[in-house]
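Note that these values count all heavy atoms, side chains included, but never hydrogens, waters or copies made by symmetry. A note on names: the letters A, B, ... follow the listed sequences, proteins ahead of strands, and every chain is numbered from 1. Note that the structure is a prediction, hence the values are computed from the model and not measured.
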Amino acid sequence: MRETIRFLKGGEIVELDDVGPTDTVLDYLRLRRRETGTKEGCGEGDCGACTVALGRLVDGKPVYQPVNSCIQLLGMIDGAELVTVEDLTADDKLHPVQAAMVACHGSQCGFCTPGFIMTLFTLYHSEGQQKSRKTVNEWLAGNLCRCTGYRPIVEAALDACFDAADDAFSWRANETRERLQALADSRDVFIGDSERFFASPSTLDGLASLYAQHPDATLVAGATDVGLWITKQLRDLSRTIWLGRIEGLDRVENSPSGVLIGATATYQASEEAMTDLSADLGELWKRIGSKQVRASGTVGGNIANGSPIGDTPPALIALGTTLELQTIDGSRALPLEEFFIDYGKQDRKPGEFVTGLFVPRLSGNQTFRCYKITKRFDQDISSVMGAFRFTLENGVIREARIAYGGMAGIPKRAAGAEAALTGALVDDPSTWGEGMQALLTDFTPLSDMRASAEYRMETARALLAKALMEISGTAPEDIRVLAQREADNDRAA
Amino acid sequence: MTAPLEHLDLTGPLKQVRKSLPHDSAEKHVRGTAEYIDDMVEPVGTLHVVPGWAKDAVRGSVHAIDLEDVRSAPGVVEVLTAADIRGINDCSSAFGDDPVLAEKEILFNGQVVFAVVAETREAARKAALNAKIEITPSTPILTPDDAVDADTTVMPDYQFRRGSPETGMPASEAVLSGTMYIGGQEHFYLEGQVAMALPQEDGGMLVYSSTQHPTEIQHTVAKVLGVPDAAVTAEVRRMGGGFGGKESQANQWAALAALAAQKTGRACKLRLDRDDDMIMTGKRHDFKVEWKVGHDGSGKIRAVDIQFLARCGYSADLSLGVNDRTMFHADSSYFYPDALIRSRRLRTDTCSNTAFRGFGGPQGMLAAERMIDAIAIKTGRDPLEIRKLNFYDAEHNLTPYGMPVEEHEVMLDLVEKIEESSDYWNRREEVARFNSENAVLKKGLALTPVKFGISFTLKQLNQAGALVHLYTDGSVHLNHGGTEMGQGLNQKVAQVVAEEFGVTLDKVRITATNTSKVPNTAPTAASSGTDLNAMAARKAAREIKDRLIAYIGEQYQCGPEAIHFGDNKVLVGEQAFSLAEIAKQAFVARIQLSHAGYYATPGITWDRESVTGRPFFYFAFGGACAEVTIDTMTGEMSVDRVDILHDVGHSLNPAIDLGQIEGGFVQGMGWLTTEELVWDDKGRLRTHAPSTYKIPTASDVPEDFRVDLYEGEGNPQATVYRSKAVGEPPVMLANSVFCAINDAVASLNPGEVPSLDAPATPEAIMKAVQDMRRRKATQ
Ligand SMILES: Cc1cc2nc3c(=O)[nH]c(=O)nc-3n(C[C@H](O)[C@H](O)[C@H](O)COP(=O)(O)OP(=O)(O)OC[C@H]3O[C@@H](n4cnc5c(N)ncnc54)[C@H](O)[C@@H]3O)c2cc1C
Ligand code: FES
Ligand code: FES
């Protein structure tokens with residue numbers, strides 16, 4: 001057991017033994033280290049002003065990801081290299097992304113700038129990115145700037161971020177690898193006492209027994225939900241258990257029958273496999289939060305959080321996903337939709353945790369569509385999210401699996417519409433009417449700041465119509481303004 | 001995207017001015033070393049202040065406040081209430097109706113009732129949750145409609161009248177009318193409100209505040225603490241964005257920090273949590289607009305009657321100037337022969353709406369564009385034709401408030417240039433073709449003008465001071481009353497001063513705005529920061545230079561024509577000196593090397609009482625052409641292309657001006673599309689965080705975005721190097737996006753005016769689409 005966390009910063013190994021259960025990386029930087037380059041703009045993961053880079057070894061190479069330090073627990077940087085804006089200059093010379101930002105006039109008030117610099121730093125270090133405005137926009141979705149209008153920042157990114165990395169970090173990559181390897185160990189981390197602790201077990205068994213002992217402890221995967229309980233609701237979480245070091249829990253396994261996503265696999269890590277399952281799923285993944293959120297956040301957390309507006313549950317339910325849970329006494333699996341019992345209530349026993357989910361592949365006669373409707377294209381929570389899997393046979397819908405988010409207190413299947421559409425003809429819109437009508441009784445949505453109940457209902461119906469139009473042969477680009485399908489990889493399509 | 005400005009010819013005799021030099025802090029921004037108030041090294045023992053409020057109270061009288069559990073919470077040093085105020089419990093800029101700490105009545109959900117002072121910010125935030133405040137609620141007045149019904153206002157109604165709308169309207173061949181709701185806007189400066197107060201000897205107070213108006217911070221703090229103005233110094237080096245939100249509404253936080261510092265004798269810092277910031281501070285005013293326009297049947301306007309119903313919130317704040325400016329811009333760029341422009345400043349039980357880039361102007365202009373679009377739809381003519389038909393011209397150049405539009409030719413020329421460069425007419429045809437071929441997706445196109453009046457309409461604010469010192473090593477200390485919030489003011493002023501002394505910029509030291517250096521200043525607002533402060537600084541530099549010239553002339557027996565300042569040198573005939581050498585000599589000769597410059601804008605004569613005179617020094621112009629696509633099934637929308645041409649006179653720094661134009665446009669686009677403020681029926685703001693309030697991100701910027709500076713004769717008024725102000729006008733370029741969306745909706749049912757309200761969220765677009773379909777079905 002280890003009673004410290006260890007990480008690399010500015011070429012030095014830092015070891016801390018005073019890590020509280022709710023300490024954040026941002027507070028550590030600004031209040032303890034008095035490094036004030038990293039800013040707080042919102043304290044809830046939405047503005048990116050607090051972005052730092054975390055370097056971890058992937059296939060033996062340091063890979064840098066942007067992270068919102070305001071909602072990242074300090075303990076979660078164990079074993080990583082923490083890079084902040086202060087670390088970028090070498091011999092007082094500007095880093096290439098810093099120089100490009102100056103040259104392109106990419107800052108005005110400058111408050112957002114360190115965050116942008118850090119996201120661009122991670123883009124600079126990521127390989128195989130296609131040089132385009134679209135790529136840059138995708139990377140910048142989690143950084144808000146209220147002054148510049150982004151054009152000069154995008155230009156700076158295009159200028160600086162698409163050649164092979166050639167900076168102090170790439171020069172010393174070997175050394176960094178060795179140091180990060182030296183930090184990697186399989187000891188459980190436990191800092192504090194049984195009343196108040198930050199813990200990070202390294203095995204599933206270790207987690208099962210720790211959680212059985214402290215069933216009221218808060219499990220933390222990416223902290224993109226939990227972080228806000230701390231910074232916004234000011235909840236005093238006295239015991240936090242971070243799952244990020246558990247061996248094997250972050251796996252993403254492709255098989256002919258489907259994809260297994262471990263509970264701590266980040267959105268980032270599962271994106272490719274999801275895109276491979278369906279183009280729309282890939283599009284959806286890219287619109288969940290931002291790069292920062294996807295680098296930390298997990299599908300497991302999205303599900304365990306039980307929110308009625310989480311984006312992945314409707315899509316995964318429509319795809320027929322199975323959820324896997326475990327306690328110290330053993331494990332079980334259940335269809336994902338059965339996990340969501342009611343608003344704020346899930347089928348999870350004390351001491352039980354999610355280990356993963358299995359998403360079956362579409363069979364040859366199945367096609368999948370999903371649509372996320374938001375006020376803003378990037379990094380916004382859905383007002384309505386609709387997901388549709390149709391099993392077709394000779395132009396007849398044999399099975400429809402339809403699930404919505406934002407339409408009820410839980411992510412929920414449209415049982416009436418599914419039944420009504422079974423037997424409907426793909427090419428005959430007059431046979432769709434009953435299904436469209438059934439939605440009116442399947443759901444009673446609410447009004448809130450994201451949308452009114454009326455808009456939600458009308459849009460839910462429009463999305464079903466859209467999905468049906470698309471499977472009947474209408475080209476998506478003719479009926480979509482946004483979120484174009486990059487590839488048409490559904491088999492039945 | 002094209003790389004802008006490459007074609008501009010920036011050569012010429014000027015060495016510093018007109019150059020696209022980076023922002024003075026650019027390197028510090030990218031290094032993270034530019035210091036904001038929360039980054040300053042805190043004095044030992046600094047305490048943290050967090051404002052407390054009654055989460056569920058909206059409007060009502062307070063009958064019990066129990067702060068015991070706040071006081072006893074860990075880390076708490078002090079809990080402040082109104083009783084702790086030794087001076088006057090008010091932080092308003094003028095009207096005396098903004099309590100620092102509410103006492104007997106809660107006027108809106110989010111009003112501050114007490115303040116916790118604790119060892120850490122976290123402790124203070126947690127302690128604040130323990131308060132128990134009970135009120136006797138009364139039914140809140142929330143919307144403009146509620147306020148009209150209840151007849152509550154924060155100040156008297158006001159109107160502009162020209163000609164005889166009563167007869168002009170009925171005499172018009174065609175009359176159109178409608179109602180439009182225009183939403184407000186949260187500033188979302190990336191750096192939230194923050195202030196740090198340090199007690200000084202003899203009851204003095206030094207206050208660092210993220211403010212656009214240090215003088216008002218000084219006055220407010222003095223008033224609240226009960227000390228003379230001279231005992232208080234306010235300072236700000238830079239803000240992480242302001243946009244009007246820190247013009248008057250930085251006062252309360254500075255006052256609370258100072259109050260805590262007075263009470264505890266320790267340094268105290270208050271940095272608002274983002275959600276508190278969004279809940280407690282005012283926003284851009286939202287409006288209900290009732291309009292009526294008469295035209296001659298072919299689209300030429302005969303008479304206009306507009307009523308602006310503004311939600312001002314619980315207090316007056318800056319609503320007088322904001323709503324006046326709405327009225328000043330209700331003409332957009334169009335001549336109204338007979339006009340009645342009416343304004344009601346409605347009092348509601350919501351946060352007190354305040355300055356926001358454009359200061360009411362954007363809402364006025366948007367209403368005018370709605371009228372034009374309506375005329376175009378009803379006459380079947382293109383909106384651009386109707387716009388140009390009604391433009392001010394040589395014969396019709398008088399605004400409804402009596403000021404002539406002298407540069408009407410620039411206005412027309414600019415619009416014609418963009419009409420051509422955007423290929424408007426061909427694209428109009430393409431859009432029509434697209435719409436005839438697509439059932440679900442519809443495109444819209446619009447080209448709209450900008451004409452924005454430059455000057456504070458409150459005459460006394462059009463003055464500025466600067467303080468310039470030349471040291472004997474040749475370095476220059478520059479200080480002025482303007483504040484830096486990202487707009488590049490300090491950089492522009494430094495370029496002007498460097499030009500004056502003939503030195504490179506590294507010789508000019510920019511320093512923090514400080515009320516003890518330059519007193520009695522105006523806020524940095526109304527786009528006038530550079531116009532005013534660069535002039536004052538230039539006058540200060542010129543005075544010092546004139547003294548040097550006089551000295552050199554005497555010492556070296558030559559006339560002024562033989563003396564030349566340039567390239568960090570002073571040429572005296574054939575002889576070259578460094579500026580340091582000349583400064584040293586002058587010092588020895590007992591010449592004063594410091595001067596306080598002062599400037600007051602000439603020619604402004606506006607008299608509000610009599611509704612006469614000239615409110616503006618000049619107008620800034622612009623034009624934008626936007627193309628959008630909407631999805632008529634979901635209301636989703638994309639902005640496909642935007643062309644902008646904008647008039648900044650002769651630019652002082654083209655790169656900085658471009659940044660203001662692009663940034664202003666994108667901010668305006670956010671206001672009119674994704675940025676929706678939602679209050680629930682109880683009066684609580686539901687969109688109080690970036691998770692629910694959506695400002696544009698990079699992907700919202702049009703894929704095809706072409707921005708250029710208009711090259712004309714420069715400002716006809718004698719502004720600094722014939723430049724024009726650029727801070728606010730570009731916001732209104734975004735009207736083109738809203739009008740284009742309206743155009744797309746209008747295509748669903750030609751001849752019918754859509755009922756689209758702002759912001760055009762997917763839901764708002766769908767509402768307008770369905771309304772068009774309903775009307776079509778019943779036709
Ligand atoms: C800026 C921002 C944008 C966002 N945008 C989106 C969006 O577009 N769409 C969307 O759906 N969501 C969005 N979210 C929400 C969030 O990212 C997700 O819900 C995320 O998937 C949660 O995963 P996590 O790993 O961060 O979970 P955590 O925050 O670590 O945990 C979330 C919850 O799950 C529990 N938990 C975590 N792992 C397990 C486990 N293995 N077993 C049992 N319980 C567990 C935790 O105890 C907690 O209750 C956004 C969040 C932020 C901050
Ligand atoms: S401070 Fe805004 S994302 Fe962290
Ligand atoms: S430069 Fe001000 S927020 Fe980006």
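- Of the two parts of A:Ala49, only the side chain, counted from C-beta on, holds a non-hydrogen atom closer than 4.5 Å to a non-hydrogen atom of chain B.
- Partner of A:Arg146 under the salt bridge (charged side-chain N to carboxylate O under 4.0 Å, His left out) criterion, chosen from B:Glu186, B:Glu675, B:Glu191: B:Glu675.
- Only the side chain of A:Arg34 comes within contact range of chain B, with heavy atoms under 4.5 Å apart.
- Most heavy-atom pairs under 4.5 Å with chain A, from the set B:Gly486, B:Ala26, B:Gly32: that is B:Gly486.
- A:Leu144 is listed as a side-chain neighbour of B:Thr697, based on a closest heavy-atom distance under 4.5 Å.
- For the atom pair A:Thr148 OG1 and B:Glu662 CD, the distance stands at 8.0 Å (nearest 0.5 Å).
- Of the atoms belonging to A:Leu482, it is side-chain heavy atoms, and not backbone ones, that fall under 4.5 Å from chain B.
- Side-chain contact between B:Leu441 and A:Asp478: absent, with no pair of heavy atoms (C-beta onward) separated by less than 4.5 Å.
- Side-chain contact between B:Asp38 and A:Thr36 is absent, with no heavy-atom pair separated by less than 4.5 Å.
- Looking at B:Ser25, there are no atoms closer than 4.5 Å to chain A (heavy atoms on both sides), in backbone or side chain.
- Separation of atoms OG1 (B:Thr692) and CD1 (A:Ile381) is listed at 10.0 Å; rounding is to 0.5 Å.
- Between A:Cys145 and B:Leu190 the shortest side-chain heavy-atom distance does not fall below 4.5 Å.
- A salt bridge is absent between B:Arg773 and A:Glu458; no separation between the charged side-chain nitrogens and carboxylate oxygens falls under 4.0 Å.
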Would A:Arg480 and B:Glu636 satisfy salt bridge (Lys or Arg N to Asp or Glu O under 4.0 Å), going step by step from the backbone distance to the final call?
CA-CA 9 Å; A:Arg480 295 187 189 199; B:Glu636 292 166 285; over 6 Å; no
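- If you measure heavy-atom distances from B:Met278 to chain A, you find no contacts under 4.5 Å at all.
- With a 4.5 Å cut-off on non-hydrogen atoms, B:Leu21 touches chain A through its backbone but not through its side chain.
- A:Ala465 touches chain B through backbone and side chain together, each having a heavy atom under 4.5 Å away.
- The part of B:Val666 that comes within reach of chain A is its side chain, from C-beta onward, which places non-hydrogen atoms under 4.5 angstrom from that chain.
- Only the backbone of A:Gln379 comes within contact range of chain B, with at least one heavy atom under 4.5 Å from a heavy atom of that chain.
- Taking the side-chain contact (heavy atoms from CB on, under 4.5 Å) definition, one finds that A:Glu44 meets it with A:Cys42, A:Asp46, A:Leu228, A:Lys232, B:Asp275, B:Ala689, B:Pro690, B:Ser691, sequence neighbours left out.
- Looking at heavy atoms from C-beta onward, A:His105 lies out of side-chain contact with B:His23 at the 4.5 angstrom threshold.
- Of all heavy-atom pairs spanning A:Asn137 and B:Ala698, the tightest one is OD1-CB, 3.4 Å.
- For A:Asp92, the parts lying under 4.5 angstrom from a heavy atom of chain B are both the backbone and the side chain.
- Taking 4.5 Å as the limit, every side-chain heavy atom of A:Ile479 sits out of range of all side-chain heavy atoms of B:Asp631.
- For A:Thr84, no part lies under 4.5 angstrom from a heavy atom of chain B.
- Residues B:Tyr189 and A:Cys147 have side chains not in contact (no heavy-atom distance under 4.5 Å, counting atoms from C-beta outward).
- Residue contact with chain A, scored on non-hydrogen atoms closer than 4.5 Å, is absent for B:Thr33.
- A 6.0 Å sphere centred on NZ of B:Lys443 holds more than 12 heavy atoms belonging to other residues, nucleotides or ligands.
- Heavy-atom pairs under 4.5 Å with chain B peak, among A:Glu40, A:Met101, A:Glu35, A:Arg461, at A:Glu40.
- Residue with the most contacts toward chain A among B:Arg686, B:Glu35, B:Arg125: B:Arg125 (heavy-atom pairs, distance under 4.5 Å).
- Among B:Arg238, B:Glu484, B:Met637, B:Arg121, the residue making the largest number of heavy-atom pairs under 4.5 Å with chain A is B:Met637.
- Most heavy-atom pairs under 4.5 Å with chain A, from the set B:Gly241, B:Pro696, B:Gly192, B:Ala34: that is B:Pro696.
- Residue pairs meeting the ring pair (Phe, Tyr, Trp, His ring centres under 6.0 Å) criterion with at least one partner in residues 26-51 of chain A, sequence neighbours excluded, are A:Phe7-A:Tyr28.
- Judged purely by atom type and a 3.5 angstrom limit, B:Arg274 uses its side chain to pair as donor or acceptor with the backbone of A:Gly41.
- Put simply, NZ on B:Lys126 and CZ on A:Arg235 are 12.0 Å apart, with the number rounded to the nearest 0.5 Å.
- When heavy atoms are compared at a cutoff of 4.5 Å, B:Glu437 does not approach chain A at all.
- Looking at B:Phe243, the atoms closer than 4.5 Å to chain A (heavy atoms on both sides) all sit in the side chain, from C-beta outward.
- Looking at A:Ser107 and B:His29, their side chains do bring a donor and an acceptor atom within 3.5 Å of each other.
- Counting only distance, with no hydrogens or angles, the side chain of B:Arg31 and the backbone of A:Thr89 share no donor-acceptor pair below 3.5 Å.
- With rounding to the nearest 0.5 angstrom, the OG1 atom of A:Thr374 is 8.5 Å from the NZ atom of B:Lys694.
- Applying the 6.0 Å contact sphere to NZ of A:Lys93 captures no more than 12 heavy atoms from other residues, nucleotides or ligands.
- Looking at A:Leu463, the atoms closer than 4.5 Å to chain B (heavy atoms on both sides) all sit in the side chain, from C-beta outward.
- Contact record, A:Phe111 with B:Gly240: CB-CA, 3.8 Å, taken as the closest heavy-atom pair.
- Per-residue counts of heavy-atom pairs under 4.5 Å with chain B were compared for A:Asp378, A:Asp380, A:Ile117, A:Leu140; the largest is that of A:Asp380.
- Here the side chains of A:Met449 and B:His688 are not in contact, with every heavy-atom distance at 4.5 Å or above.
- At least one donor-acceptor pair under 3.5 Å links the side chain of A:Tyr455 to the backbone N or O of B:Thr634.
- Contact of B:Asn438 with chain A is made through the side chain alone, with heavy-atom distances under 4.5 Å.
- Between chain A and the residues B:Pro22, B:Gly488, B:Pro762, the largest count of heavy-atom pairs under 4.5 Å involves B:Pro762.
- With values rounded to the nearest 0.5 angstrom, B:Ile656 atom CD1 is found 8.5 Å from A:Gln108 atom CD.
- Residue contact with chain A, scored on non-hydrogen atoms closer than 4.5 Å, involves the backbone of B:Ile630 exclusively.
- Side-chain contact check for A:Ser452 and B:Glu763: at least one donor-acceptor pair (N or O, by modelled atom type) lies under 3.5 Å.
- Among B:Thr632, B:Leu129, B:Val678, B:Thr673, the residue with the largest count of heavy-atom pairs under 4.5 Å with chain A is B:Val678.
- The residues A:Lys375 and B:Glu676 are annotated as salt-bridged, a charged nitrogen and a carboxylate oxygen being separated by less than 4.0 angstrom.
- B:Met239 touches chain A through its backbone: at least one of N, CA, C or O sits under 4.5 Å from a heavy atom, while the side chain does not.
- The OH atom of B:Tyr36 sits 5.5 Å away from atom SG of A:Cys109, with the distance rounded to the nearest 0.5 Å.
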